[in-house]
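As a basis for the values below, the full set of heavy atoms in this structure was taken, side chains included, without hydrogen atoms, waters or symmetry mates. Proteins get letters first, then strands, A, B, ... in listed order; numbering begins at 1 in each. Note that the structure is predicted; figures quoted are calculated from it, not measured.
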Number of protein chains: 2
Amino acid sequence: MKYKSDIEIAREASKKPIHEIGAKLGIPSASLVPYGHDKAKLSQDFIRSVQGRENGKLILVTAINPTPAGEGKTTTTVGLGDGLNRIGKNAAICIREASLGPCFGMKGGAAGGGHAQVVPMEEMNLHFTGDFHAITSAHNLLSAMIDNHIYWGNTLEIDVRRVVWRRVIDMNDRALRDIMTSLGGVPNGFPRQTGFDITVASEVMAILCLANDLEDLQNRLGEIIVAYRRDRSPVYCRDIKADGAMTVLLKDAMQPNLVQTLENSPAFVHGGPFANIAHGCNSAIATTTALKLADYVVTEAGFGADLGAEKFMNIKCRKAGIAPDAVVIVATVRAMKMNGGVAKADLGPENVEAVQQGCPNLGRHIANVKSFGVPVVVAINHFVTDTDAEIQAVQAYVAQQGSEAILSRHWEHGSAGSEALARKVVELAESGMSHFAPLYPDNMPLFQKIETIAKQIYHADEVLADHKIRAQLAEWEKAGYGHLPICMAKTQYSFTTDPSRRGAPTGHSVPVREVRLSAGAGFVVVICGEIMTMPGLPRVPSAEAIMLNTQGQIEGLF
Amino acid sequence: MKYKSDIEIAREASKKPIHEIGAKLGIPSASLVPYGHDKAKLSQDFIRSVQGRENGKLILVTAINPTPAGEGKTTTTVGLGDGLNRIGKNAAICIREASLGPCFGMKGGAAGGGHAQVVPMEEMNLHFTGDFHAITSAHNLLSAMIDNHIYWGNTLEIDVRRVVWRRVIDMNDRALRDIMTSLGGVPNGFPRQTGFDITVASEVMAILCLANDLEDLQNRLGEIIVAYRRDRSPVYCRDIKADGAMTVLLKDAMQPNLVQTLENSPAFVHGGPFANIAHGCNSAIATTTALKLADYVVTEAGFGADLGAEKFMNIKCRKAGIAPDAVVIVATVRAMKMNGGVAKADLGPENVEAVQQGCPNLGRHIANVKSFGVPVVVAINHFVTDTDAEIQAVQAYVAQQGSEAILSRHWEHGSAGSEALARKVVELAESGMSHFAPLYPDNMPLFQKIETIAKQIYHADEVLADHKIRAQLAEWEKAGYGHLPICMAKTQYSFTTDPSRRGAPTGHSVPVREVRLSAGAGFVVVICGEIMTMPGLPRVPSAEAIMLNTQGQIEGLF
């Protein structure tokens with residue numbers, strides 16, 4: 001049997017006008033700001049007007065540690081949303097926006113797949129409604145104003161060696177990672193070494209995704225630490241007086257974007273912070289607004305549950321005052337096999353034993369998520385080569401852990417394939433079983449928070465950190481930042497900091513290489529291992545094959 | 001009498017839904033791609049569908065050499081468009097988009113003024129419909145792909161010292177003018193010195209503004225010279241295989257934006273190339289499309305007529321196959337006084353003599369424009385302090401030159417104030433007097449084209465260029481670029497290359513400092529004097545005062 005490609009399926013979509021999609025959530029046409037006929041932003045006035053309403057149920061979709069086999073987290077998020085609508089719930093989906101830069105490298109789009117996609121996928125993978133461009137502009141305005149302040153006399157006494165605010169661009173451009181600026185003499189300022197990160201790594205992105213409203217946004221922007229003086233005292237964004245203009249630049253970007261699935265379910269696609277040095281979830285304002293409009297809101301978190309779900313619970317839920325009513329952990333038979341030691345090239349033939357050997361990775365994620373007090377269901381995202389015996393092996397294993405694994409065929413069949421998953425999710429969410437609590441209290445010392453995550457989520461024996469790092473954490477506690485949650489930046493491929501260690505390892509250590517304070521976003525970033533905040537392009541970038549075909553359609557983007 | 005500020009007037013505007021504005025030009029609602037309720041892009045299909053129609057009349061608005069007193073070229077363009085609609089013509093306005101960067105420096109918006117404005121002015125001065133962001137992305141994708149090509153083996157044998165394609169950002173950021181990239185060792189590539197220009201200075205901007213359609217756009221992008229080899233042979237954008245992906249990024253940006261004036265006249269606001277190293281006009285596709293839809297199209301060109309009108313005639317009209325039916329030269333009494341030697345602080349009291357002494361600057365522009373074979377009218381953009389005697393002095397002078405100067409009070413009264421100007425423009429445009437011809441033929445040698453402009457437009461005695469520059473021009477002629485028009489980059493404040501020489505000087509020389517080939521845009525840039533392609537921020541940037549007020553309105557942007 002020949003399957004259609006994602007883009008073939010997407011092009012056949014019967015999209016409805018966006019005001020009809022909004023009407024499903026009771027959004028009046030006048031409260032939608034259209035961007036073309038199939039995208040719209042929610043007006044700020046409307047968002048304010050629904051604040052008094054009850055919340056719907058919140059479902060988090062997370063996953064095992066990703067493998068090259070692919071898990072299909074976004075696909076399952078979309079499929080579940082469609083499935084919930086199919087069984088009579090009024091459901092909305094909340095996912096992240098795609099970064100433009102990587103689309104020209106080797107990554108395809110980020111809008112689901114098969115018959116579980118969000119459309120218009122081309123536009124979502126290009127400029128969309130301009131949110132990331134606005135974030136880039138706001139970030140770089142601050143950068144320009146910092147160097148301009150130094151140029152005109154530096155009355156704030158910034159130590160030019162300690163400017164920590166870099167620049168950003170939504171492009172994979174390794175040449176900009178490490179640069180020297182202000183060459184060329186007096187009219188160009190004081191030369192210093194700095195660099196560019198990709199826009200999704202900007203603290204402005206994290207802030208936009210955690211801010212409740214424009215006022216909160218401006219306050220958080222003002223709190224950004226941009227540099228230090230010789231006496232190590234911080235210089236804030238608000239000292240540079242950039243927070244007002246940055247808020248103006250971000251005014252429209254703060255409004256969630258409404259699009260639709262192939263089955264015309266409403267989908268909010270908004271924000272997209274990095275999942276390593278930031279928290280990796282779509283915007284709080286999109287999720288909290290969706291909860292006022294829908295019975296069910298299905299959202300996802302970046303990477304595997306050890307990073308994504310942990311940060312969703314400990315950062316996003318804490319800051320936004322929300323709690324999941326059920327969690328879906330996505331697994332695939334193929335990924336279980338890879339966790340069981342099979343190479344990607346050998347995934348074809350049935351191998352029940354390898355599946356069984358790989359299951360403990362899934363098992364640990366189940367236990368971890370349950371430790372937050374929320375009910376869990378496993379979704380086996382069906383792949384056409386899966387055998388019944390392999391599927392049953394996963395289901396048997398999950399049953400032993402006291403949970404249930406539901407086979408979901410949304411990729412092939414859309415909502416008809418995810419109906420069983422949707423019913424199970426409703427059962428869990430309406431059971432009253434969720435008694436969510438974050439993993440650690442605000443007032444726990446920062447280093448103890450790191451240890452709590454490392455031991456309880458990663459099952460590590462210890463956290464290794466030298467004196468300098470511990471002293472830095474203590475200094476931040478003294479400065480009033482001790483209440484902040486931790487944002488772990490480690491490899492997504494393993495519970496450990498070694499990407500090659502699959503399965504469910506124990507007895508390992510978590511070495512902390514560096515800590516960073518994101519005072520505006522409101523978390524302490526703990527870097528364990530090499531974290532790349534500016535990707536490069538591959539030898540043959542996908543951009544070389546991206547073009548308009550003779551029908552004016554985009555080829556090569558997916 | 002107290003006059004309202006531009007922003008107060010703009011906020012009181014009775015904007016109509018954008019589809020009603022489109023309907024005035026016979027654009028079906030389905031052919032408008034909405035961006036909010038008051039902005040839309042014209043669909044490519046619709047643009048193609050009107051190609052067979054007759055053209056309306058084309059009116060160019062240009063000006064004397066700008067002075068600190070201000071001339072109001074955009075204001076007059078808008079006022080004239082409204083005036084033409086008032087007297088029963090179906091008129092559309094075509095102007096440039098504003099650059100975001102300078103708005104945070106010290107420049108106000110660029111959407112007219114008083115009762116002759118285009119709205120929504122806040123959005124036009126911020127992200128608008130994202131065109132400039134798309135241009136920035138397309139430009140920088142090419143930059144990243146060039147360095148990436150070098151990184152992965154440099155099979156094109158690019159001389160890393162001779163990469164001429166820089167990067168761009170829509171920000172005033174002097175620290176990025178001159179930078180060293182790819183520091184940090186092997187994984188970051190080969191260090192080299194380069195820099196950023198502001199987005200409006202990108203050749204991609206000039207190309208977008210001269211391309212007829214997406215196919216032409218891609219061809220022109222492919223022609224961009226990005227670097228040279230050791231043997232000085234050029235490496236093109238199409239060698240890097242970036243032209244397809246750049247076209248995809250620019251697909252929506254190629255669609256003209258429709259907005260409206262305060263009096264609900266249709267206005268196309270599209271493109272905005274620098275007026276020094278590029279040609280400084282709105283997009284060809286907007287102008288040519290507007291000509292298919294309206295009886296009258298009023299457009300403007302950057303800077304004074306010596307640069308703006310000259311390039312409009314010799315570059316834009318030549319490439320787009322259009323010709324103006326009449327030209328309006330904007331002058332003010334105050335600017336005449338400054339040309340007559342009065343300082344800005346002393347412009348208040350009546351000074352007829354100074355007005356008369358300044359008039360020769362206007363006179364030369366009148367003669368220059370007439371030399372293109374097009375009829376001319378002078379618009380005296382009325383300022384509230386102008387005295388009758390001063391106005392009469394200008395009118396008398398212009399009458400001596402065989403033209404007419406019409407007092408226009410659109411700033412104060414909207415179309416009621418520009419009715420006389422509109423009637424005169426119609427009289428000229430319908431007189432059949434226009435026999436437009438560019439100043440020089442395609443096949444004239446490049447240096448001779450430069451001399452033609454310098455002698456006939458600037459009234460210089462000679463062009464000074466050393467052997468290296470003449471040899472470079474000869475080399476380009478040999479390489480097949482001899483047919484290109486010239487794009488002069490010199491000060492806007494004088495006919496000479498010395499910004500302090502007002503009036504109508506003679507006997508001067510035009511020293512050529514540098515020549516650059518914009519092979520994609522299709523012109524040879526001739527740089528006479530210091531040209532800044534990346535502005536800086538002032539000591540107190542206007543960004544410091546830009547913020548949202550408690551009503552959510554933007555303050556400080558204007």
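In this structure, no portion of B/Met534 lies under 4.5 Å from any heavy atom of chain A. For A/Pro538, the part lying near chain B is the backbone, with the side chain staying farther off; criterion is any non-hydrogen pair under 4.5 Å. Interface residue B/His133: backbone and side-chain heavy atoms are both found under 4.5 Å from chain A. The contact between B/Asn188 and chain A is made by backbone and side chain atoms together, counting heavy-atom distances below 4.5 Å. For chain A, the nearby part of B/Gln193 is the side chain; its heavy atoms alone come within less than 4.5 Å. Residue contact with chain B, scored on non-hydrogen atoms closer than 4.5 Å, involves the backbone and the side chain of A/Ala543 alike. Of the two parts of B/Lys251, only the side chain, counted from C-beta on, holds a non-hydrogen atom closer than 4.5 Å to a non-hydrogen atom of chain A. Within the 4.5 angstrom heavy-atom criterion, atoms from both the backbone and the side chain of B/Ala134 approach chain A. Proximity to chain A is limited to the side chain of B/Leu214, based on heavy atoms less than 4.5 angstrom apart. Using a 4.5 Å cut-off between heavy atoms, B/Tyr151 touches chain A through its side chain atoms alone. Residue A/Phe190: no heavy atom, backbone or side chain, is found under 4.5 Å from chain B. Neither the backbone nor the side chain of B/Arg192 has a heavy atom closer than 4.5 Å to any heavy atom of chain A.
At distances below 3.5 Å, not a single donor-acceptor pair connects side-chain atoms of B/His37 with backbone N or O atoms of A/Val33.
The greatest number of non-hydrogen atom pairs below 4.5 Å with chain B, out of A/Leu141, A/Ile150, A/Thr136, A/Leu32, is found for A/Leu141. Taking A/Ala30, A/Pro34, A/Gly130 one by one and counting their heavy-atom pairs under 4.5 Å with chain B, the maximum is reached by A/Pro34. For the set A/Ile554, A/Thr129, A/Thr247, the entry with the most heavy-atom pairs within less than 4.5 Å of chain B is A/Ile554. Taking chain A as the reference chain and counting heavy-atom pairs below 4.5 Å, the highest number among B/Pro541, B/Gly189, B/Gly36, B/Pro187 is found for B/Gly36. Between chain A and the residues B/Ile179, B/Asp147, B/Asp170, the largest count of heavy-atom pairs under 4.5 Å involves B/Ile179. Contacts with chain A were tallied for B/Glu215, B/Glu544, B/Glu122; B/Glu544 has the most, counting heavy-atom pairs under 4.5 Å. Here B/Arg539 is the residue among B/Arg539, B/His127, B/Met171 with the most heavy-atom pairs under 4.5 Å with chain A. Taking B/Glu123, B/Arg177, B/Lys41 one by one and counting their heavy-atom pairs under 4.5 Å with chain A, the maximum is reached by B/Arg177. Among the candidates A/Arg167, A/Gln218, A/Glu555, the residue making the largest number of heavy-atom pairs closer than 4.5 Å to chain B is A/Arg167.
Atoms CG and CG, on A/Leu183 and B/Leu176 in that order, are 10.5 Å from each other to the nearest 0.5 Å. Here the CE-CE distance, from B/Met180 to A/Met180, works out to 7.0 Å after rounding to the nearest 0.5 Å. We find the NE2-CG distance between B/His149 and A/Leu537 to be 13.0 Å, quoted to the nearest 0.5 Å. Note that the CE atom of A/Met246 and the CE atom of B/Met547 stand 13.5 Å from one another [nearest 0.5 Å]. Annotation: the span from B/Arg174 atom CZ to A/Thr181 atom OG1 amounts to 12.0 Å, rounded to 0.5 Å. The line from OG of A/Ser137 to CZ of B/Phe104 is 7.5 Å long, rounded to the nearest 0.5 Å.
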- Evaluate the criterion side chain to side chain contact (heavy atoms under 4.5 Å, CB included) for residue pair B/Asn140 and A/Asp173; output intermediate values, then yes/no. CA-CA 9 Å; B/Asn140 291 337; A/Asp173 192 348; 5.8 Å; no

- Check step by step if side chain to side chain contact (heavy atoms under 4.5 Å, CB included) holds for A/Leu100 and B/Leu249. CA-CA 10 Å; A/Leu100 192 154; B/Leu249 280 168; 4.0 Å; yes

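Shortest non-hydrogen contact noted between A/Asp178 and B/Gly184 is OD2-CA, 3.5 Å. Taking every heavy atom of both residues into account, B/Ala144 and A/Asn172 meet most closely at CB-O, 3.7 Å.
Counting only heavy atoms from C-beta outward, the side chains of B/Asp252 and A/Leu126 never approach each other to under 4.5 Å.
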